[in-house]
2 protein chains.
Amino acid sequence: MISKRAKYALNALRELARDEKGGPLSAAIIAERGHIPVKFLEAILLDLNRAGIILSKRGRNGGHVLRKPATEIQMAEVLRLFDGAIGLVPCVTYNYYERCEECVDEETCGIRDVFVGIRAATVKLLQSATLADVLKRERKLRN
Amino acid sequence: MISKRAKYALNALRELARDEKGGPLSAAIIAERGHIPVKFLEAILLDLNRAGIILSKRGRNGGHVLRKPATEIQMAEVLRLFDGAIGLVPCVTYNYYERCEECVDEETCGIRDVFVGIRAATVKLLQSATLADVLKRERKLRN
DNA sequence: CCTAAATCCTATATGACATATAGGATTTAG
DNA sequence: CTAAATCCTATATGTCATATAGGATTTAGG
């Protein structure tokens, strides 16, 4: 299961993608539209800003916009940012690799081999799922 | 990430599969071979027994054996037993379905749509991964 | 029958983490 | 100058995963 932080982040980014050509959206508005606790969302938006995914403007008429086009923001990037590794076991991830303490021989572990395959499939799907793709899916689902 | 309970369970089951035609294995032996805390493993084996995956015999010369052939025990079954839902969000699972609180319209949610695809791919891989398959992979990896 | 070896069972410690809130400091436009 | 917004730090809070303790029960064999 992904964390609520990650889920809220995805929801917030979807709102920004929908608004891509409009003005900046405030945390309060995003929170309302996405049914997200405001203060919690603020922290999430801060992380997204620091990670270079959104651009946040302070002060009156401030708010948040996507820093890149919606075609270039992948769900994979967002999940990695908030939840770290995507794999189901620590020994199958690229960026967060960690040996399993109990592991006897990683090289010949058949269990690991299965999880390697799952990670590959998952990452592929999460990389092809950009915010633009998410909106496209929604248009399709509405018919 | 899957829980340690689930990982330990898979490791323990692999030991039993390797031993499939031998006598029952005690928790102590499995724990030693799999580098698992004994008492913790005991509780896990108890769950596996209650779930009908292994058969446990008490008393002297007691121990645990697979209740079904290794070709019929899927990793999917084991993960579901210990970690519950396999999907990355509660709204995409068959057996543990739960609506996302913050969800506005599940039917047309593009984010959910992506996770539906991931769950399908993951479940497929976990179902085809039986204990026999795991052992087969290990023989292959040793070459 | 007795003992050793094993599973079975319940309770509990404990530490980590995710979720969430509080309260304010800072910036910015009008 | 003020209102609206982000930014920042600290903290509460509860839940859960991991793990251990201590014994009750069963079973085979000498």
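Everything numeric in this text was worked out from a predicted model, so none of it was measured.
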Problem set entry | Spacing of B:Lys39 atom NZ relative to D:dG23 atom P, expressed in whole Å | 11 Å
Problem set entry | Value rounded to 0.5 Å, distance of CG in A:Asp19 from CG in A:Leu25 | 4.0 Å
Exercise. Expressed in angstrom and rounded to an integer, what is the separation of B:Ile30 atom CD1 from C:dT7 atom C1'?
Worked result: 12 Å
For this session: Compare side-chain N and O positions of B:Asn49 against OP1 and OP2 of C:dT7 and report whether any pair is under 4.0 Å apart.
Result: no
For this session: Rounded off to whole Å, could you give me the CG-to-P distance for the A:Asp47 and C:dT19 pair?
Result: 13 Å
Exercise. Which residue, A:Lys57 or B:Gly62, contacts DNA chain C at a nucleotide closer to its 5' end, judged by nearest heavy atom?
Worked result: B:Gly62
Exercise. Can the positive tip of B:Arg119 be found less than 6.0 Å from the middle of the six-membered ring of B:Tyr94, inside 45° of the ring normal?
Worked result: yes
Exercise. Does anything in residues 45-55 of chain B pair up under side-chain hydrogen bond (donor to acceptor under 3.5 Å, both in side chains), and if so which pairs, sequence neighbours excluded?
Worked result: B:Arg5-B:Asp47, B:Asn49-B:Arg67
For this session: Starting at atom CG of A:Leu41, determine the distance to atom P of D:dA5, rounded to an integer number of angstrom.
Result: 14 Å
Exercise. Checking A:Glu138 side chain against B:Gly110 main chain: does a donor-acceptor pair fall under 3.5 Å?
Worked result: yes
For this session: May I ask you to say whether B:Lys68 pairs ionically with B:Glu77, meaning some side-chain N is under 4.0 Å from a carboxylate O?
Result: yes
For this session: Just compare D:dT6, C:dT7, D:dA3 and give me whichever is closest to any side-chain atom of A:Ser26.
Result: D:dT6
Seminar exercise, completed: Base-pair string, DNA chain D, Watson-Crick plus G-U, cut-off 3.5 Å on both distances, | for inter-strand, is ||||||||||||||||||||||||||||||
Exercise. Looking across every strand, which nucleic acid part, if any, lies under 4.0 Å from B:Tyr8 by heavy atom: base, sugar-phosphate, or nothing?
Worked result: sugar-phosphate
Exercise. Can you tell me how far P of D:dA10 sits from CZ of A:Phe40, to the nearest Å?
Worked result: 18 Å
Exercise. Are A:Leu81 and B:Ile111 grouped together when hydrophobic residues (ILVMFWY) are joined by side-chain heavy atoms under 4.5 angstrom apart?
Worked result: yes
Exercise. How would you label the contact of A:Ala28 with the nucleic acid (heavy atoms, under 4.0 Å): base, sugar-phosphate, or nothing?
Worked result: nothing
Exercise. Side-chain donor-acceptor pair under 3.5 Å between A:Thr130 and A:Asp133, yes or no?
Worked result: no
Seminar exercise, completed: Among D:dT6, C:dT7, D:dT20, the one nearest any side-chain atom of B:Glu42 is C:dT7
Exercise. Given D:dT6, C:dG24, C:dC8, which nucleotide is nearest the side-chain atoms of A:Ala27?
Worked result: D:dT6
For this session: Starting at atom CG of A:Leu46, determine the distance to atom P of C:dT26, rounded to an integer number of angstrom.
Result: 16 Å
Exercise. Which part of the nucleic acid, if any, lies within contact of B:Lys4, taking any heavy atom under 4.0 Å across all strands shown: a base, the sugar-phosphate backbone alone, or nothing?
Worked result: sugar-phosphate
Seminar exercise, completed: B:Asp83 CG to D:dT18 P, in whole Å, measures 8 Å
For this session: Compare side-chain N and O positions of A:Asn61 against OP1 and OP2 of D:dA5 and report whether any pair is under 4.0 Å apart.
Result: no
Exercise. Does B:Arg58 put a side-chain nitrogen or oxygen below 4.0 Å from OP1 or OP2 of C:dC9?
Worked result: no
Exercise. Rounded to the nearest Å, what distance is computed from the CG atom of residue B:Leu45 to the C1' atom of nucleotide C:dC9?
Worked result: 14 Å
Exercise. How do B:Arg50 and A:Pro37 order along DNA chain C: which one's closest nucleotide is nearer the 5' end?
Worked result: B:Arg50
Exercise. Taking the side chain from B:Arg112 and the backbone from B:Cys91, do they hold a donor-acceptor pair closer than 3.5 Å?
Worked result: yes
Exercise. Hey, is the side chain of B:Ser56 poking within less than 4.0 Å of OP1 or OP2 on C:dC8, counting only N and O atoms?
Worked result: yes
